[in-house]
Amino acid sequence: MRILVIEDEPKLGDYLRKGLSESGFAVDLARTGIEGRNLALDGDYDVLVLDVMLPGIDGFAVLEAVRKSKAMPVLMLTARDEVADRVRGLQSGADDYLSKPFAFSELLARIQALLRRGKLQEVTRYALKDLSLDLTTRKASRNGQRLDLTAKEFALLTLLMRRQGQVLSRTVLAEQVWEMNFDSETNVVEVAVRRLRSKIVDPFDEKLLHTVRGMGYVLESRQGDSS
Ligand code: CA
């Protein structure tokens, strides 16, 4: 998934680029309205995250230009909880908005919601080889055997299943599963992954859940991978 972020505040822009990259997106960051507009018009993005207050041309002008030729979902970032800005953004063709300051996990959830919106049905079942997960019945199984998971383990597995094939960092897992800011002193994520692995991997043949050193964890099948 490719995402374009147009944000002029240096710290916030860097933070968003880092966080979204860690969440598996390919991220381009533009720091002015004109640069952002040009990238948006030339590139092929799945989502646009657009700040309202920008130097040169503002977010509304960028949105107007983009909407003439592009249908990608647009999430606008408003500086304050300004009703007028939100209304204007939505009327101009923005799909959603978020007021600053915001939690990264909320931004991510809204982006994911925008990406899902186009699909006919919300996915409630996931599968990878003989591992399957049903969000409606909240049952996980592997090779036909029911897996006995705690609520946190189930949430962790759901995230890994939803984003299978993508490396998920400890920061993202901590923020999305535990809703806490990552503290490098705590090993809660490592411990939970180890427990999950003991239930969903150890008793079975294929590994499926892999540690990517220095980056995080990825759920995928590597059997038959010739590399
Ligand atoms: Ca700004």
Side-chain angles (χ1 to χ4, degrees), residues 1-118 159 163 166-176 178-184 215-216:
M1 290 285 173
R2 290 191 69 201
I3 189 160
L4 174 62
V5 176
I6 308 178
E7 170 60 67
D8 62 308
E9 287 165 46
K11 272 190 179 172
L12 182 58
D14 291 342
Y15 174 71
L16 293 179
R17 175 161 58 189
K18 181 168 181 288
L20 291 168
S21 299
E22 284 181 355
S23 305
F25 290 97
V27 186
D28 284 341
L29 173 64
R31 303 203 188 258
T32 69
I34 289 166
E35 184 195 359
R37 181 194 63 194
N38 294 343
L39 278 173
L41 292 177
D42 291 343
D44 183 20
Y45 297 98
D46 298 293
V47 181
L48 170 60
V49 174
L50 177 61
D51 187 28
V52 169
M53 300 291 284
L54 292 165
I57 60 172
D58 71 7
F60 295 118
V62 173
L63 182 61
E64 198 181 323
V66 166
R67 273 290 168 258
K68 285 178 183 162
S69 59
K70 299 273 179 172
M72 70 186 134
V74 178
L75 173 67
M76 293 199 88
L77 304 177
T78 60
R80 307 160 297 274
D81 196 15
E82 280 279 354
V83 175
D85 276 1
R86 279 186 261 153
V87 170
R88 192 175 160 201
L90 293 170
Q91 283 176 342
S92 315
D95 298 277
D96 201 0
Y97 64 85
L98 200 52
S99 303
K100 295 178 184 179
F102 51 83
F104 180 75
S105 52
E106 185 176 7
L107 176 78
L108 195 58
R110 283 168 184 259
I111 288 171
Q112 285 162 343
L114 287 176
L115 288 169
R116 280 198 302 269
R117 202 179 276 178
L159 188 59
R163 312 260 295 278
Q166 295 175 21
V167 178
L168 300 179
S169 67
R170 288 170 188 80
T171 312
V172 165
L173 293 174
E175 209 176 76
Q176 296 214 5
W178 284 268
E179 293 164 8
M180 62 181 195
N181 292 320
F182 186 66
D183 173 359
S184 56
M215 292 186 68

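First listed ligand is number 1; within each ligand, the first listed atom is number 1. As the structure is a prediction and not an experimental result, all values here were calculated from the model.
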Is it the case that atom NZ in Lys18 sees more than 12 heavy atoms from other parts of the structure closer than 6.0 Å? no
Residue pairs fulfilling side-chain hydrogen bond (donor to acceptor under 3.5 Å, both in side chains) with at least one residue in residues 57-68, sequence neighbours excluded: Arg67-Asp95
Gap separating the CG atom of Leu48 from the CD1 atom of Ile111, nearest 0.5 angstrom: 10.0 Å
Test: salt bridge (Lys or Arg N to Asp or Glu O under 4.0 Å). Region: residues 24-38. Which pairs qualify, not counting sequence neighbours? Arg2-Asp28, Asp14-Arg31
Kindly write out the residues that satisfy side chain to side chain contact (heavy atoms under 4.5 Å, CB included) with Val27, not counting sequence neighbours, or none if the list is empty. Ile3, Val5, Arg17, Leu20, Ser21, Phe25
Which protein N, O or S atoms sit under 3.0 Å from the Ca ion (ligand 1)? Asp8 OD1, Asp51 OD2, Met53 O
Minimum heavy-atom separation for Asp8 to Met53, with atom names? OD1-O, 3.0 Å
